[in-house]
There are 2 protein chains.
Amino acid sequence: MTITKPSLRRKELVSVAARLFKENSFDRTTVRLLASATGLKSGSLFHHFKDKEEILFAVIEDGLQRSLETIQQELKNNTGIEERLFAIIYGHLRTLHGQEKNAHTVSITEWKSLSEESKKKLIKIRDDYEAYWQQVIDEAVDAGILKGNPQLLRLFILGSLNWTVQWFQAEKKLSIKQLADESYLSFTHQAVPAK
Amino acid sequence: MTITKPSLRRKELVSVAARLFKENSFDRTTVRLLASATGLKSGSLFHHFKDKEEILFAVIEDGLQRSLETIQQELKNNTGIEERLFAIIYGHLRTLHGQEKNAHTVSITEWKSLSEESKKKLIKIRDDYEAYWQQVIDEAVDAGILKGNPQLLRLFILGSLNWTVQWFQAEKKLSIKQLADESYLSFTHQAVPAK
DNA sequence: TAATATACCTAGCGCTTGCTTGGTTTCAGA
DNA sequence: TCTGAAACCAAGCAAGCGCTAGGTATATTA
């Protein structure tokens, strides 16, 4: 076994880094800032990570993994196509705006800051995630709930949801649930099915 | 008159900067890189701009102005609500992906890199732009072409269109016109009206 | 043709960045 | 209680950053 289980401190660093990367961007978050936010000196970070990019990698991996698990769970618990479509939208928005939201946000906004090598390692999780989405959208188009090209629909819907990180603030005017309701309505032209 | 008309060189710098800011981001575009891409030495940039942020300001101002003029023109040439909705979508996508696309893209992706002071100066153009959008969407909802809360619809539609900068490459698989068609279909559930 | 402003270059300053090195503390297991 | 590894710190290096100062070309106008 070469994989060492992440230490408590490492987990803390990933969590704090996620917050800072979201607030200031990866480039403008210095190792000194991250260190002082954790009560460490800057040099000590490199006992836990070999370089700054490895921190970003850990954050994004965490964000992708979490969001994947969330929608897998959502889809397991819902069978009807209307329920499934709403569930995947809601799941996506929950990991973007709920608790521990920062990592998923960073995995979207800072993907471009990863090295090509890192992208290669993480693309599998992303592809998995998108495959789940594509499946649901294909079904929804077949059922006549959505209209248009399924692949483009996936990009349009995910795009509009991802873009919410630019403007949505949970519980300010709208709850995450309400946001999901409205998104569902905009794309399907019908209200969310009552449970 | 305190406003001096921009020199040829300045225009060239803004255009090249737009390209580089889009390709590498503002933070990772050094003044040395921009200078050498224009055949200048790094110090000479500061004869045209007082600092690096002023370059970003000029790029974003250009991008906002251009896109505003485009949709104003589009709306002037179209009267029916279906045509107007399609026209504003198409106009937005054209400034994002057509010729001179870089500035509009940067005005979206690098807005957060502006100082608060700069944002204040430019927010007026952005507000104008969004007001045109809101107007069209309000009309479309009234006419029953779109379903849902008009304000949120604006955010969802613009979000999905803005997100295309992450994945769309003009003329590779789809033309900009086709992309606009598909977007219109996804949100309205009906095909674009024939001219 | 001389005067003047504009455009550019050379050289480098001062600062911040990610990261390293070498030594010290902390703490779990024998 | 001793020992070794893991976790941390103090100090600072090398490189890159935005930007400046002072001088030189180039072009315009009188």
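Predicted model only: the values in this text are computed from it and were never measured. Letters A, B, ... mirror the listed sequences (proteins, then strands); counts begin at 1.
- Nucleic acid contact class of B/Lys41 (heavy atoms, under 4.0 Å, all strands): base.
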Test side chain to side chain contact (heavy atoms under 4.5 Å, CB included) on A/Leu33 and A/Asn24; report intermediate values, then the result. CA-CA 11 Å; A/Leu33 183 64; A/Asn24 315 317; 3.6 Å; yes

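- Using a 4.5 Å cut-off on side-chain heavy atoms (C-beta onward), A/Trp133 and A/Ile89 make contact.
- The nearest whole Å value for the distance from the CG atom in A/Leu45 to the P atom in D/dA10 is 14 Å.
- A/Leu155 and A/Ile145 end up in the same hydrophobic cluster when Ile, Leu, Val, Met, Phe, Trp and Tyr side chains are linked at under 4.5 Å.
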Check nucleotides 4-6 of chain C against the protein and report each pair of N or O atoms closer than 3.5 Å, with its distance, or say if there are none.
none

What are the atom names and distances for every N/O pair under 3.5 Å that joins the protein to nucleotides 23-29 of chain C?
none

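- The cationic atom of A/Lys52 (NZ for Lys, CZ for Arg) lies less than 6.0 Å from the six-membered ring centre of A/Phe26 and within 45° of the ring axis.
- Contact of the A/Ile157 side chain with the A/Leu146 side chain is registered, since non-hydrogen atoms from C-beta on lie closer than 4.5 Å.
- Ring geometry for B/Phe187 versus A/Phe187: interplanar angle of 30 to 60°, hence tilted.
- Within 4.0 Å (heavy atoms only), B/Leu40 reaches sugar-phosphate atoms of the nucleic acid but no base atom.
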Base-contact (B) and sugar-phosphate-only (S) positions in nucleotides 15-21 of chain C, heavy-atom cut-off under 4.0 Å, - elsewhere: --BBBB-

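- OP1 or OP2 of C/dC8 lies within a sub-4.0 Å distance of a side-chain N or O belonging to B/Arg9.
- Closest non-hydrogen pair, A/Asp62 versus A/Ala103, comes out as OD2-CB, 3.8 Å.
- Using a 4.5 Å heavy-atom cutoff, the side chains of A/Thr109 and A/Lys22 are not in contact.
- Formation of a donor-acceptor pair under 3.5 Å by the A/Ser183 side chain with backbone atoms of A/Leu179 is not found in this model.
- Looking only at side-chain heavy atoms (C-beta outward), B/Lys76 and B/Gln72 stay at 4.5 Å or farther from each other.
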